[in-house]
Amino acid sequence: MTILVTGGTGKVGRRLVRRLRQAGVGVRIASPHPEGADTIAFDWSVAATWDAAINGVGAAYLIPPPTGGDASSIMIDFIERAVARGVKRFVLQSASLLPAGGPAAGQVHQWLLDNAEAWAVMRPSWFMQNFSEGRYLDSIRGANEIYSAAGDGRVPFIDADDIAACACAALTAAAAPNADFVLTGPQAITYDDVAASLSRAIGRTIVHRRISAEELAARYVARGMPPGAAQVLAGMDTMIAMGVEDRTTDAVEALTGHAPTSFDAFGKANAALWM
Ligand SMILES: NC(=O)c1ccc[n+]([C@@H]2O[C@H](COP(=O)([O-])OP(=O)(O)OC[C@H]3O[C@@H](n4cnc5c(N)ncnc54)[C@H](OP(=O)(O)O)[C@@H]3O)[C@@H](O)[C@H]2O)c1
């Protein structure tokens with residue numbers, strides 16, 4: 001069986017591709033910027049690219065575009081076409097704060113719950129890789145700082161490789177889970193804790209700059225995010241400050257049989273990136 005990995009060049013997708021290959025599963029990588037023989041050109045917003053992604057695959061990992069906005073109706077149209085072409089199993093990457101029936105990926109989640117025969121939804125908390133591959137990489141390297149509007153709120157940051165391991169299990173298990181999983185790291189920590197952990201790993205002081213949600217949204221816009229989406233994402237920091245992410249689950253261990261990576265271990269493993 002071949003498995004389609006949308007977003008197969010991103011933080012989770014790349015790691016999922018590696019894990020599926022290690023498990024001996026055929027993989028088709030889909031990206032708007034394809035490179036290499038087994039990567040095809042695919043864009044959620046260009047329906048003409050969909051059939052080449054769907055044809056001949058047995059299961060699909062669905063990563064919504066990260067640029068913000070609500071892609072749910074497009075994704076549901078895609079899944080309906082995939083079902084008609086014989087794709088049997090769907091694993092969606094949503095987010096910890098998005099329940100079934102909620103906005104954006106929450107709508108796709110609800111569709112799977114109501115209609116799919118074999119499915120799972122990964123609902124990860126914030127990724128550790130936001131510090132090593134995402135928006136904080138430059139601020140750590142260039143200004144020795146991370147920034148947030150989360151105040152003293154706690155986040156159970158999760159390693160993208162643990163998300164990939166969970167997705168791999170959900171895609172390849174004999175029976176699909178037909179359930180959603182809130183995926184967290186082993187500890188809920190503050191951005192001050194993150195800065196301290198990175199400081200220890202790197203050997204120089206990294207500070208947590210506390211900014212307002214408005215300033216955070218402006219930074220997202222400066223990085224190319226549409227203003228509406230930037231406000232929604234920055235608003236999530238306000239929710240973190242109120243404690244909504246302050247919890248851990250045992251879902252990673254339940255799906256994979258191993259405990260999730262700690263932030264300290266992630267920092268040590270990636271220290272060279274921030275030098
Ligand atoms: N980062 C977090 O902390 C976090 C936490 C929870 C949930 N999430 C959710 O996870 C999703 C992915 O975020 P991420 O941080 O993992 O992003 P990422 O690492 O940048 O990966 C995004 C992937 O999507 C692809 N992509 C971008 N635009 C696309 C389009 N129009 N059509 C098809 N593919 C497209 C990218 O391809 P190219 O790079 O090749 O262009 C890339 O492979 C988002 O929906 C986000 O809300 C993220």
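Indexing begins at 1, ligand by ligand and atom by atom, following the structure's order.
In this structure, the side chain to side chain contact (heavy atoms under 4.5 Å, CB included) partners of Arg209, at least two apart in sequence or on a different chain, are Glu145, Tyr147, Ile211, Arg219. By the side chain to side chain donor-acceptor pair (under 3.5 Å) test, Asp38 is found to be paired with Arg21, residues two or more places apart in sequence or in another chain being considered.
Note that atom 40 (O) of ligand 1 has protein non-hydrogen atoms nearby, at separations under 4.0 angstrom.
The backbone N or O of Ile206 lies less than 3.5 Å from no partner atom in the side chain of Asn144, so there is not a single donor-acceptor pair.
Between Trp126 and ligand 1, no pair of N/O atoms sits closer than 3.5 Å. Considering backbone and side-chain atoms alike, Ser45 places every N or O at 3.5 Å or more from each N or O of ligand 1. Remark: ligand 1 and Lys11 share an N or O pair separated by less than 3.5 Å (distance only, no angle test). Remark: ligand 1 and Pro32 share no N or O pair separated by less than 3.5 Å (distance only, no angle test).
If you check the side chains of Asp70 and Ser72, you find a donor sitting under 3.5 Å from an acceptor.
In this comparison of Pro65, Ala41, Gly7, the heavy atom closest to atom 25 (C) of ligand 1 sits on Gly7.
Counting heavy atoms from C-beta on, the side chains of Trp274 and Leu137 come closer than 4.5 Å.
No heavy atom of Gly134 sits closer than 4.0 Å to any atom of ligand 1.
We find that Asp152 and Arg210 are joined by a salt bridge, their nearest charged nitrogen and carboxylate oxygen being less than 4.0 Å apart.
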